[in-house]
K.L.:
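Got a structure for you, written out below as structure tokens; questions coming shortly.
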There are 2 protein chains.
Amino acid sequence: MEARHLRYALALAEHEHFGRAAGALGIAQPPLSKQIADLEREVGARLFDRTRQGVFPTAAGDAFLARARRALDEVAAAVVEAGRAARGETGRLRLGFIASALLEPLPTVLGRFGRERPDVRLELHEMATSRSTAALVAGELDVAITLGRPRGAGAERLVSVPVGHDHLIAVVSTAHPYAGQPSVSVDQLRQQPLIVAPGEDEPVVGAGLRALLGEDSPALGGATVARDIHTIIGLAASGVGVGLGPSRMLAAPRPGAWFCEVTPRTPLPDLVLSFTARDRSPALSAFLDIIRKNCPDVGAALDHRLGAHCEQRGQDLADS
Amino acid sequence: MEARHLRYALALAEHEHFGRAAGALGIAQPPLSKQIADLEREVGARLFDRTRQGVFPTAAGDAFLARARRALDEVAAAVVEAGRAARGETGRLRLGFIASALLEPLPTVLGRFGRERPDVRLELHEMATSRSTAALVAGELDVAITLGRPRGAGAERLVSVPVGHDHLIAVVSTAHPYAGQPSVSVDQLRQQPLIVAPGEDEPVVGAGLRALLGEDSPALGGATVARDIHTIIGLAASGVGVGLGPSRMLAAPRPGAWFCEVTPRTPLPDLVLSFTARDRSPALSAFLDIIRKNCPDVGAALDHRLGAHCEQRGQDLADS
DNA sequence: TCCGTCGATATCTCAGAAGTATCGTCACCC
DNA sequence: GGGTGACGATACTTCTGAGATATCGACGGA
């Protein structure tokens with residue numbers, strides 16, 4: 001049983017005449033007769049009544065043809081769907097991200113992506129950098145936004161590119177003495193109850209802060225820990241203490257909260273976009289294309305990194 | 001694009017290995033490689049990732065395979081459905097019948113048929129004998145129950161067999177003077193207001209009655225005409241007059257109605273089962289089989305008529 | 001009764017599906 | 001680090017079977 005048999009049977013049902021159906025199919029009449037006969041033998045039932053008035057489906061033929069039509073429609077749809085999936089118009093994009101990425105790059109990028117690729121299912125998983133890296137390597141994610149370049153087992157198989165730079169800023173209540181100041185100094189911070197993110201989520205914030213404030217700073221020991229940056233801002237705005245976080249926080253202004261720089265200016269690890277060097281899904285390619293179009297600088301870095309990977313592979317080839 | 005390509009792609013997706021998939025398909029590995037390559041070229045997208053760990057569908061491959069599976073399922077279903085339709089287990093049976101056939105043969109036969117062939121759609125059309133005949137000839141009915149053997153254009157192309165015999169009986173109210181009598185005479189009928197079916201629906205009842213009672217019988221001129229036999233019985237039971245109808249009426253007893261024979265016994269035209277000599281649908285064959293099983297006498301007549309048709313066709317063949 | 005139409009059958013041809021042999025590539029492993 | 005084995009791709013051959021041509025048989029209409 002081949003697709004040919006179905007096409008021939010449908011053509012015969014349409015033209016109700018062996019000769020004309022064969023003509024429409026671009027073949028001669030005898031092969032059509034034979035193929036229909038073969039089909040009827042294989043199905044085990046006569047599918048067409050040959051009368052003087054024309055060739056008409058039997059009851060069995062009607063039942064068969066209805067299914068045959070659907071089968072061929074499925075095949076045509078299979079080709080179309082495969083093409084769309086290959087162009088990244090359908091499918092899914094599994095994105096792992098660090099919570100604070102929801103503040104700045106994600107809303108813009110995901111908004112554009114959702115508009116340009118409405119039929120791609122976005123699967124968003126908030127997770128720490130280390131888990132994102134492991135999930136990327138294990139093939140459980142297509143792309144991840146992490147804090148700093150991924151490290152650990154398999155990280156060398158990833159392509160990573162920074163998306164924007166951050167430095168440490170502080171947030172206080174508008175009723176706080178620091179409110180209205182453009183900046184606070186590290187010395188001032190040492191005197192204050194602090195609100196920070198836990199070390200695992202923003203590891204360099206944790207370690208970096210320790211270095212910045214001094215290992216045994218009393219402010220650190222008594223610091224309030226909040227996982228969500230919105231919580232940090234909210235706690236700071238309600239006067240619990242001085243919130244510390246990435247300059248991305250400026251994207252989440254809030255009545256009652258005052259943001260100020262920290263001097264000396266303390267760079268924080270970049271947000272980094274990573275994906276596997278191989279096994280890129282079409283949806284991911286579409287995602288990268290959209291980033292290229294909308295953030296030329298990130299796009300350029302991306303192309304540079306990908307070029308480096310190609311060169312390295314070329315080098316590997318030349319070596320062997 | 002042939003069904004072969006779909007089967008091969010599905011086997012490859014299942015075994016994740018060219019060699020093993022080819023083995024399962026009963027072919028060697030190189031042809032499988034070629035067919036998959038041809039398929040990918042025709043679809044215009046790579047469908048499988050060949051890795052060291054195995055062969056896995058790409059996003060496009062997943063989309064394609066899902067549809068391919070459904071397409072092959074449809075084909076398998078097409079064969080099964082065609083077989084069922086050919087055996088008369090599915091499909092439809094278009095039955096034309098004279099209203100009074102609802103009294104006696106139809107409830108039994110349709111009940112059995114519905115139980116044995118639950119998936120055959122029964123289309124029941126109440127119509128006069130002449131319309132049934134025309135509809136049979138035009139191919140708009142599969143089988144008909146008529147009053148008397150079909151006549152008119154194309155009737156010679158039908159096979160007909162009587163199903164039971166009828167004679168004229170009368171029905172009166174239990175308060176009527178005739179109530180309790182086993183029979184009434186034609187002479188007695190001439191004195192009474194009559195209730196009869198219209199001539200077109202039961203033509204021989206009309207013409208036969210005229211012959212029986214005499215052309216200018218006053219009872220005929222003032223007769224009440226009711227299309228439905230239940231109506232005739234109901235009117236008679238409520239004392240409007242003497243209802244006349246086929247002995248089939250006995251199958252519809254009713255409180256307040258008294259049935260009695262008419263003397264002399266007056267045979268009425270038989271109910272006749274008819275269908276086209278050629279173009280018998282499988283559902284019709286199943287219908288006839290059920291009649292054969294349950295009414296051996298009708299079955300025998302049926303086989304006799306069909307045999308006659310075959311002989312005639314044989315004779316035709318010998319002549320030419 | 002002849003003739004035309006239409007599907008079935010017989011036979012041949014050739015495209016292409018499948019088979020065999022071999023190559024190129026990549027892990028893996030002493 | 002070179003040897004080795006596994007795997008898919010490629011080159012070439014073989015043979016099945018789809019399609020073409022010619023013809024037959026059956027039926028209907030003039």
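In what follows, chains are A, B, ... by sequence order, proteins preceding strands, each numbered from 1.
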K.L.:
Under the salt bridge (charged side-chain N to carboxylate O under 4.0 Å, His left out) test, which residues partner A/Glu140, sequence neighbours left out?
P.N.:
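Salt bridge (charged side-chain N to carboxylate O under 4.0 Å, His left out) list for A/Glu140, sorted by chain: empty.
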K.L.:
In whole angstrom, what separates B/Asp49's CG from C/dT25's P?
P.N.:
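It is 19 Å, rounded to the nearest whole Å.
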K.L.:
Which pairs with one or both residues in residues 13-24 of chain A pass side-chain hydrogen bond (donor to acceptor under 3.5 Å, both in side chains), sequence neighbours excluded?
P.N.:
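As it turns out, there is no side-chain hydrogen bond (donor to acceptor under 3.5 Å, both in side chains) pair with a partner in residues 13-24 of chain A once direct neighbours are skipped.
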K.L.:
Within the 4.0 Å heavy-atom criterion, would you say A/Phe48 contacts the bases, only the backbone, or no part of the nucleic acid?
P.N.:
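If one applies the 4.0 Å heavy-atom cut-off, A/Phe48 turns out to touch nothing in the nucleic acid.
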K.L.:
Across nucleotides 2-9 of chain D, 5' to 3', mark each nucleotide with B, S or - according to how protein heavy atoms within less than 4.0 Å reach it.
P.N.:
----BSBB
K.L.:
Mind checking what makes side chain to side chain contact (heavy atoms under 4.5 Å, CB included) contact with B/Ala71, not counting sequence neighbours?
P.N.:
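Result, side chain to side chain contact (heavy atoms under 4.5 Å, CB included) vs B/Ala71: A/Glu74, A/Val75, B/Leu6.
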K.L.:
Within this structure, what is the CG-to-P distance between B/Asp38 and C/dA15, rounded to whole angstrom?
P.N.:
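After rounding, the gap between these two atoms is 16 Å.
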K.L.:
Sequence neighbours excluded, which residues qualify as ring-ring contact (aromatic ring centres under 6.0 Å, His included) partners of B/Tyr8?
P.N.:
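Not a single residue meets the ring-ring contact (aromatic ring centres under 6.0 Å, His included) criterion with B/Tyr8.
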K.L.:
Show me the donor-acceptor pairs within less than 3.5 Å that the side chains of residues 35-44 of chain B make with the rest of the protein, sequence neighbours left out.
P.N.:
| from | atom 1 | to | atom 2 | distance (Å) |
| --- | --- | --- | --- | --- |
| B/Gln35 | OE1 | B/Arg4 | NE | 3.4 |
| B/Gln35 | OE1 | B/His5 | NE2 | 2.9 |
| B/Asp38 | OD1 | B/Arg41 | NH2 | 3.1 |
| B/Asp38 | OD2 | B/Lys34 | NZ | 2.9 |
| B/Glu40 | OE1 | B/Arg50 | NH1 | 3.3 |
| B/Glu40 | OE1 | B/Arg50 | NH2 | 3.2 |
| B/Glu40 | OE2 | B/Leu47 | N | 2.9 |
| B/Glu40 | OE2 | B/Phe48 | N | 3.2 |
| B/Glu40 | OE2 | B/Arg50 | NH1 | 2.9 |
| B/Glu42 | OE1 | B/Met1 | N | 3.3 |
| B/Glu42 | OE2 | B/Met1 | N | 3.0 |

K.L.:
Quick check on DNA chain C: between A/Pro31 and B/Leu32, whose nearest nucleotide comes earlier from the 5' end?
P.N.:
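Here A/Pro31 is the residue nearer the 5' end.
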K.L.:
For the helix from C/dT1-D/dA30 to C/dC30-D/dG1, figure out the bend between the end axes, five pairs an end, and round to 10 degrees.
P.N.:
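End-to-end axis angle for the helix from C/dT1-D/dA30 to C/dC30-D/dG1: 10°, rounded to 10°.
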K.L.:
Let me know the distance between NE2 of A/His5 and P of D/dG19, rounded to the nearest Å.
P.N.:
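My rounded result for the distance is 9 Å.
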K.L.:
I need the CG-P distance between B/Leu25 and C/dG19, as an integer number of Å.
P.N.:
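So the CG-P distance, B/Leu25 to C/dG19, works out to 10 Å.
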K.L.:
Rounding to an integer number of Å, can you tell me how far A/Arg7 CZ sits from D/dA18 C1'?
P.N.:
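That distance rounds to 13 Å.
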K.L.:
Roughly how many Å is it from CZ in B/Arg4 to C1' in C/dA15, rounded to a whole number?
P.N.:
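Distance, rounded to whole Å: 12 Å.
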K.L.:
Taking atom P of D/dT16 as reference, at what distance in whole Å does atom CD of B/Gln35 sit?
P.N.:
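The answer, rounded to whole Å, is 17 Å.
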K.L.:
Round to the nearest Å and state the distance from A/Glu2 atom CD to D/dA18 atom P.
P.N.:
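Those two atoms, CD and P, are 9 Å apart.
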K.L.:
Would you please name every residue forming a side chain to side chain contact (heavy atoms under 4.5 Å, CB included) with A/Ala144, sequence neighbours left out?
P.N.:
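Checked A/Ala144 against side chain to side chain contact (heavy atoms under 4.5 Å, CB included); matches are A/Ser132, A/Leu136, A/Leu141, A/Thr146.
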K.L.:
What distance separates B/Thr133 OG1 from B/Arg151 CZ, expressed to the nearest 0.5 Å?
P.N.:
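Answer for the OG1-CZ pair, B/Thr133 versus B/Arg151, is 9.5 Å.
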K.L.:
Among all residues two or more places apart in sequence or in another chain, which pass the side chain to side chain contact (heavy atoms under 4.5 Å, CB included) test with A/Arg292?
P.N.:
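A/Arg292: side chain to side chain contact (heavy atoms under 4.5 Å, CB included) contacts with A/Leu288, A/Asp289, A/Leu302, A/Asp303, A/Leu306.
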K.L.:
If we only count heavy atoms from C-beta on, is the B/Leu284 to B/Leu93 side-chain gap below 4.5 Å?
P.N.:
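SC-SC contact between B/Leu284 and B/Leu93 confirmed.
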